[in-house]
Amino acid sequence: MADFSALADRARAVGRGFAVTAAVGATAGLAAASYGIWEKNQFELREETLPILPNGFGPFRVLHLSDIHFVPGQNLKAQWLRSLAALKPDLVVNTGDNLSHVKAIDPLLEALEPLMEFPGVFVPGSNDYFAPRLKNPAMYLLRPSQADRNQLELDWPRLRAGFGMGGWLDLTNRAQSLVLKGLRFDFSGVDDPHLGLERYAGWPRGTKNQDITPHLRVGVIHAPYQRVLDHFTEDGADLLLAGHTHGGQICIPGYGALVSNCDLPTWRAKGLNDWHSNGSTTPVNVSGGIGTSRFAPVRIACRPEAVLLTLTAKG
């Protein structure tokens with residue numbers, strides 16, 4: 001009888017241990033989720049300086065926005081976006097995934113209206129075409145998210161028209177030039193590589209003789225897949241701007257991103273780094289993004305950001 005009693009005591013002790021472990025785990029999970037919900041609204045401005053302009057030009061300020069994932073009612077995000085106009089950038093570059101809700105277009109355009117006073121260019125991401133759906137977030141640890149053409153379609157033509165009416169140039173599989181502060185900027189953009197929609201338009205005509213017409217070649221991308229970075233780098237880009245990764249969105253302090261949601265190495269999921277391909281090198285800025293999917297509204301150790309790049313002369 002004593003042996004049975006001892007076994008019963010041991011079983012109760014093990015049960016209590018499991019209960020305590022489960023309670024601690026649940027508490028830790030709740031604390032992490034609460035922190036992640038708080039952090040998603042801790043908007044930051046990352047500032048970088050890059051000496052890539054021809055001699056005699058600059059400085060030139062580029063405001064890089066990406067992955068806004070706007071949802072109606074996100075007043076803090078809207079106020080912060082509007083406040084960025086105080087930076088008075090020389091150029092705004094929007095690298096896609098602006099929406100996370102079918103009714104987000106009007107409030108998004110209202111939030112971005114002050115920034116449309118400045119020259120701008122843009123390309124779309126998958127969440128400009130399709131609304132996000134509820135997914136198991138653990139799947140991102142196994143592979144990049146899969147394109148799903150059966151999702152609810154968003155009114156991308158109306159958003160594109162809104163950007164165009166604001167004066168921003170559509171670079172969806174297009175090349176376009178702008179003269180800004182006396183320097184010719186040659187842009188080449190692609191549709192979202194995450195959906196496999198990229199088609200390379202080359203560079204605008206008349207850019208081969210740098211001595212006669214100084215210019216800067218800028219590639220604009222949503223998802224920084226290696227094949228796209230290789231193409232633009234080998235084709236003479238001076239700067240590449242991309243988003244999509246959310247900087248990993250949930251990161252481990254001291255380690256960084258666990259995923260990039262594409263084939264980009266996770267240590268490149270956010271920041272300004274050089275990309276090397278077949279003997280050519282191009283600086284690439286990958287934005288950590290401003291928003292999240294409305295079905296995963298948390299950020300951990302990866303605060304939302306806009307990026308202000310100050311371009312200066314090489315010499």
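The closest donor-acceptor contact from the side chain of E305 to the backbone of S287 lies at 3.5 Å or more, if one exists at all. Without hydrogens or angle criteria, K181 side chain to P59 main chain gives a donor-acceptor distance under 3.5 Å. Side chain of W168 to backbone of F118: a donor-acceptor contact under 3.5 angstrom is found. Judged by distance alone, with hydrogens and angles left aside, the side-chain atoms of S100 form no donor-acceptor pair with the main-chain N or O of F70 at under 3.5 Å. At least one donor-acceptor pair closer than 3.5 Å links the side chain of E39 to the backbone N or O of C302. Formation of a donor-acceptor pair under 3.5 Å by the S188 side chain with backbone atoms of G202 is found in this model. Although no hydrogens or angles enter the test, the distance criterion places a donor-acceptor pair under 3.5 Å between the side chain of Q42 and the main chain of W38. With D238 contributing its side chain and R217 its backbone, the two residues share a donor-acceptor pair below 3.5 Å. Looking only at distances, a side-chain donor or acceptor of Q249 sits under 3.5 Å from a matching main-chain atom of A296. With R299 contributing its side chain and G291 its backbone, the two residues share a donor-acceptor pair below 3.5 Å.
Remark: L91 CG to F60 CZ distance equals 5.0 Å, nearest 0.5 Å. Summarising the geometry, atom CG belonging to N173 is positioned 8.0 Å from atom CD belonging to E198; distances are rounded to the nearest 0.5 Å. One distance of note links CG of L171 with CD1 of I221; it measures 11.5 Å at 0.5 Å rounding. Between H276 atom NE2 and D230 atom CG the span is 11.5 Å, to the nearest 0.5 Å. In this structure, CE on M116 lies 8.5 Å from CG on N94, to the nearest 0.5 angstrom. With values rounded to the nearest 0.5 angstrom, F130 atom CZ is found 12.5 Å from W156 atom CH2.
Here H222 and H194 keep their ring centres 6.0 angstrom or further from each other. Aromatic rings from H101 and H69 are positioned such that their centres are separated by 6.0 Å or more. If you look at F185 and H215, their ring centroids are not closer than 6.0 Å.
Residues G164 and F122 share a closest heavy-atom pair of N-CE2, 4.5 Å.
Residues satisfying the salt bridge (Lys or Arg N to Asp or Glu O under 4.0 Å) test with D235, not counting sequence neighbours, are none. In terms of the salt bridge (Lys or Arg N to Asp or Glu O under 4.0 Å) criterion, K103 has no residue partners (sequence neighbours excluded). The side-chain hydrogen bond (donor to acceptor under 3.5 Å, both in side chains) check on N41 picks up nothing, with sequence neighbours excluded. Applying the side-chain hydrogen bond (donor to acceptor under 3.5 Å, both in side chains) test to E48 and every residue at least two apart in sequence or in another chain returns R46.
Using a cut-off of 4.0 Å between Lys/Arg side-chain N and Asp/Glu carboxylate O, R158 and D106 are scored as salt-bridged. The existence of a salt bridge linking E44 and R303 is confirmed by a sub-4.0 Å separation between a basic side-chain nitrogen and an acidic carboxylate oxygen.
Identified under the salt bridge (Lys or Arg N to Asp or Glu O under 4.0 Å) test for residues 282-296, with sequence neighbours left out: none. Among residues at least two apart or in separate chains, side chain to side chain donor-acceptor pair (under 3.5 Å) pairs with a member in residues 108-128 are N98-D128.
Looking only at atom types and distance, the side chain of S280 has no donor-acceptor partner in the side chain of E234 under 3.5 Å away.
Each of V92, N285, V220 was scored for a side-chain contact (heavy atoms from CB on, under 4.5 Å) with H64, with one residue passing: N285.
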Verdict with reasoning, Y129 to D191, per side-chain hydrogen bond (donor to acceptor under 3.5 Å, both in side chains): CA-CA 11 Å; Y129 292 120; D191 206 339; 2.9 Å; yes
Residue pair S66, T95: steps toward the side-chain hydrogen bond (donor to acceptor under 3.5 Å, both in side chains) verdict: CA-CA 5 Å; S66 197; T95 51; 2.7 Å; yes
Pair H246-T292, side-chain hydrogen bond (donor to acceptor under 3.5 Å, both in side chains): steps then yes or no: CA-CA 8 Å; H246 296 192; T292 68; over 6 Å; no
Chi angles and distances behind the side-chain hydrogen bond (donor to acceptor under 3.5 Å, both in side chains) call for S177, D186: CA-CA 4 Å; S177 292; D186 293 313; 2.4 Å; yes
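Relative to the ring axis of F163, R160 does not place its NZ or CZ within 45° and under 6.0 Å from the centre.
A single hydrophobic cluster is not seen to contain both I68 and V71; linkage of ILVMFWY side chains at heavy-atom distances under 4.5 Å, directly or through other members, places them apart.
Residues L63 and L45 form a side-chain contact, since some pair of their non-hydrogen atoms from C-beta on lies under 4.5 Å apart.
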